[in-house]
Every structure is written in C-alpha cells, then in structure tokens.
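Chain letters run A, B, ... following the sequence lines, proteins first, then strands; residues in each count from 1.
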Amino acid sequence: METLIPKISTKKTNFFRSRKTRKFPLLPFKAKWQQNFDQQQAMETLITESTTTTQNPNLLSLLIDSFTKYKCDPTPSAYSFVIKTLTRNSQFDQIPLVLNRLEKVEKFDIPERFFINLIKLYGDGLNQIENAVDLFYRIPNFRCVPTVYSLNALLSVLCKSKQGLLMVNQVLLKSTEVMSIRLEESSFFIMITALCRIKKFGYAIELLHMMLAEYGYEPDYEMYSRIFMEVCERGDYDEVMGFLEEFRKVGFVLSGENYSDLIRVLVKNGKGKEGLDMLYRMKSDGMKPDVVCYTRVLEGVISSRDFEKAEELFDEMLVLGVEPNVYTFNVYINGLCKQNKIDEGFKMVEYMEKLDCKPDVVTYNTLIGAVCKVGEVKRGKEVLRMMGLKGIGGNVHTYRILIDGLIGKGELLEACGLFEEMSVKGFVPRSSSLDAMIARMCEQGLVGEALKVLNKIVERNVAPGEKTWEVLLCESKFDFNDATRNNFERLVGV
DNA sequence: CTAGGGTTAG
C-alpha cells in the first residue's frame, strides 16, 4: 500500500535522496538554473536599490553592481527596467551610457521592439530627432537586424516636423541601400498620413506617385481617400479639383463621404452649380445623398441665386424621402427671404412646427433680418417676443439685427432699450454696431443716453469704435462722471 | 457598426 503512494512526502527527504541516488550529473542544468536564480536575485536587488537610494540614482552603476554581486551577467530585462525607470524619472541624459554598454560590452541580442520604443521616445517625447536617427542607424551594432518596423517608427517621427522631413530622404536612401530594408505599403501610408496632417499635400501626392513608379505598390483607395479628405479640409478649390482629377483617373469611385466633402468645398467657394452637378454624379454612382449633402447643395444654389433649382431640390428631397431638418429649412427659408418671399418664410415655420422640426434662433434671425431689411422692425420685435414665448432666446445676432434695424429707422431710444435688454442677458455687442448708434444719438441731442450706452460698453471692456471717438472729441457737451473716466482711462491704457 | 456634418448675420 505504502509503495503505491507517490513520493511526495517532505521536500527535505526527497532532496537529499535524489542527490544521493542520482545516476547522471545534472551540472549544466543546475548551472543554468543557478544562473537564473542569481540573475533573479540581482534583478530584485536592482529594483529595491533603485527605489530606495536617493533621487536620480545612477541606474547603470546599480545594474552593474547588482549583477557583479551575484556573479552573473545582466539580463535584457534588467536593461529594459533601467531604460523604463530612466524614462519615468526623466533621467534622459543617462540613456546614452546605457546604450553604449549594451552596444560595446553586452553580448546578447536585443529585440527590435527595444529600439522602436527608444526611437519614439527620442522623437515624440524628447524632440531629439537626430538622436532618433542615429539610434536607428546604430541598431545593427546591437546584434539586431532592423526591419521595416523600426524604419516605420522613425519615419513617423520624422514626418512630424519640418526638420525631420528634411531627413526623410537621407533615411530612406540609407535604409534601403545600406541597411537593406525594403519600404512597405505601411511605410508609405505612415508618410502620407503624416504629411497630410501637416498639410504638405504636395509631398504626399509625390509619394503616392513614387510608390507606384519606384516600388510597384498600387496605392489603395484608402490612401487616395485620406489625401482627398485632408485636401478638402483645407478647402482650396484648385487643390481639391486637381487631386479629384487624379483620384478619378486611377479609377477609384468616390465614397459618399468624399462627395460630401467635395460638395462642401464647392459650395464654400461659391460653386453652387458644380455642387449640384456633383449631386447628380453621386446619384449616378449609385449613392443616395443624405440630408447634409442636400442641404449643402441647396445652400450652394441659393447663394448662386438659382431659386428654381432650389425649389426643385427641396421637392426632390421630399420625393426621395430625405427628411429635411432645421438646417435644411433654415437654408431654404433664407432662400425665400432672399427673394423677399417673407410670408412664405413664416409659413415654412408653421410647416416645420407641424413636422415637429423645431425652428431655432437661426430660423428666427433669418426672418427677423428679412423683415428689418424691408423696414418692418416692429414685426421683428414681435418675432423676438414670440420666440421668447416658445422658449427660444435671442442671441447676440438677434439683438444686433434688431438694433441695426431700429437705428436705420432713426428710432434710437428704442434701440437703446434693446441694447439695455441684451446687456442684461450678458450679450456684448461689437463696437462697430454701437458706433452708429452713439453717433446718431449725439447728432440728435440724446447726449445723456449716448453716454449711458458708452459707459455700459466700456464697463464691459469693449473699446468704442472710430466714430465714437470722433464724436467724443468734438462733443464738448460730454460731462464725464468719475466712473466713466476711470473706465476710459483703463481701456486706453493711460 | 448609425456619429456628425450642414444653416442665419454688413
């Protein structure tokens, strides 16, 4: 019975027995084990020493000391620990010493990952681009074969600054010619993306060409789309159209997002007609433009004053089941107002409410602007009151539009009242808007009122405009009180 | 994974 029980009695007896009855010497095995054990001890010593000794210890010495103490060789992980700790403690000046020892003294291979992290540290963290490049070139000295991964890491560092960009060429050359690293699509993607980010589209496009011509890599849609989006983001019409041509020449079809970006650029550059054409083209490419596309194009045709097309587009949306939203309605109402179809505009508001598409400040500002333009400021004020009832407050623009309308009609006291109201709400008008008001008030002898307004804007650190200064200088009637004078002096910086 | 974008204004 007892003999069947596995020999797991006590460790001590087992240990001694196995020692005595062992047939083959286990020395090499044991040595390895012992070495691991020593290294572990050394590592522990290093870790405790590094945390207990004074600030900014010399970690390399600690490493060397710990491992000599246990008579074993330092391990790669010990070096990793040292680098990590140095980084965390910002003791960057010690890193080169560690590298030198790794290069000249140690014999073990170093994984590429180690260099990739350091390249990123040098480039992105410390902004020491030359060091990043030098380290990259030095990788083979560390018994490590650099691959495209470290090259990619270096490239993304270099592409982030002008100084780095200047070195890209040299790095590419050396890594291909001397280090025999072959660029991959990923390398191009990194460079192209980085270049787009810093708006160097010319270089990005050049790389796109180089990829195909010199490396035989077909740039994929992703690359083109990336550049296209960025080019659109900048919004330069010629640049966008130039790249669009290329985009299409290679045979790629624009995505819905590409079209949307493109249309935005066209509309912003006053090309309403082209925007509309793009919408057609989008549809013929089998895509259904969404509300945003329609709204953008609608804006485009309206600013080109093609109101017929605007009507058509709006109808088309409804027919195709693209539900207009506040933005769409606002643009559309703006179009109606441009045609002086103000009442139709107001009818649209009712229609919106029926569709449960709540009009917003923009909707009302558009209409208020329209009625003020035809001199019906009272109606505008009425709209403002209505807005309030519906829970939509006016904003700076609302008040400015109304005040300008009132000034235009010479109703200065009323303008003053509105100014008061907007001030209470915390809206600070721009000085140019008030300039006219103050000047006109002085003209009409409302000097006291003008002064009140003036004082209020100066209180809010808005410097009076040119006209106001002019009036101030001419008007000897002005009787400043102390508060006003103080505020003025503060503003003018006396 | 479906988010957000897009609107008025001298």
Residues in residues 254-269 of chain A with a heavy atom under 4.0 Å of DNA chain B, by number, are Ser260(A), Arg264(A), Lys268(A)

So, with a heavy-atom separation below 4.0 Å from DNA chain B, the residues of residues 326-338 of chain A are Tyr327(A), Asn330(A), Val331(A), Asn334(A)

Regarding [X] and [Y], does a basic nitrogen lie under 4.0 Å from an acidic carboxylate oxygen?
X         : Y         : answer
Asp306(A) : Lys273(A) : no
Arg385(A) : Glu382(A) : yes
Lys283(A) : Glu316(A) : yes

Can you check ring pair (Phe, Tyr, Trp, His ring centres under 6.0 Å) on Phe314(A) and Phe329(A), steps first, answer last? CA-CA 9 Å; Phe314(A) 200 72; Phe329(A) 278 112; 5.8 Å; yes

For Phe188(A), the ring pair (Phe, Tyr, Trp, His ring centres under 6.0 Å) test, sequence neighbours excluded, returns Tyr215(A)

Residues passing the ring pair (Phe, Tyr, Trp, His ring centres under 6.0 Å) test with Tyr364(A), sequence neighbours excluded, are none

**Asked** So, do Phe136(A) and Phe115(A) have ring centers that fall under 6.0 Å from each other?
**Response** no

Residues 191-212 of chain A vs ring-ring contact (aromatic ring centres under 6.0 Å, His included), sequence neighbours excluded, gives none

Chain A reaches DNA chain B, atoms under 4.0 Å from its heavy atoms, from dG5(B) to dG10(B)

Check: What class does the angle between the rings of Phe252(A) and Tyr224(A) fall in, given that below 30° is parallel, 30 to 60° is tilted and above 60° is perpendicular?
Finding: tilted

Going by heavy atoms in the side chains, are Leu266(A) and Leu262(A) under 4.5 Å from each other? yes

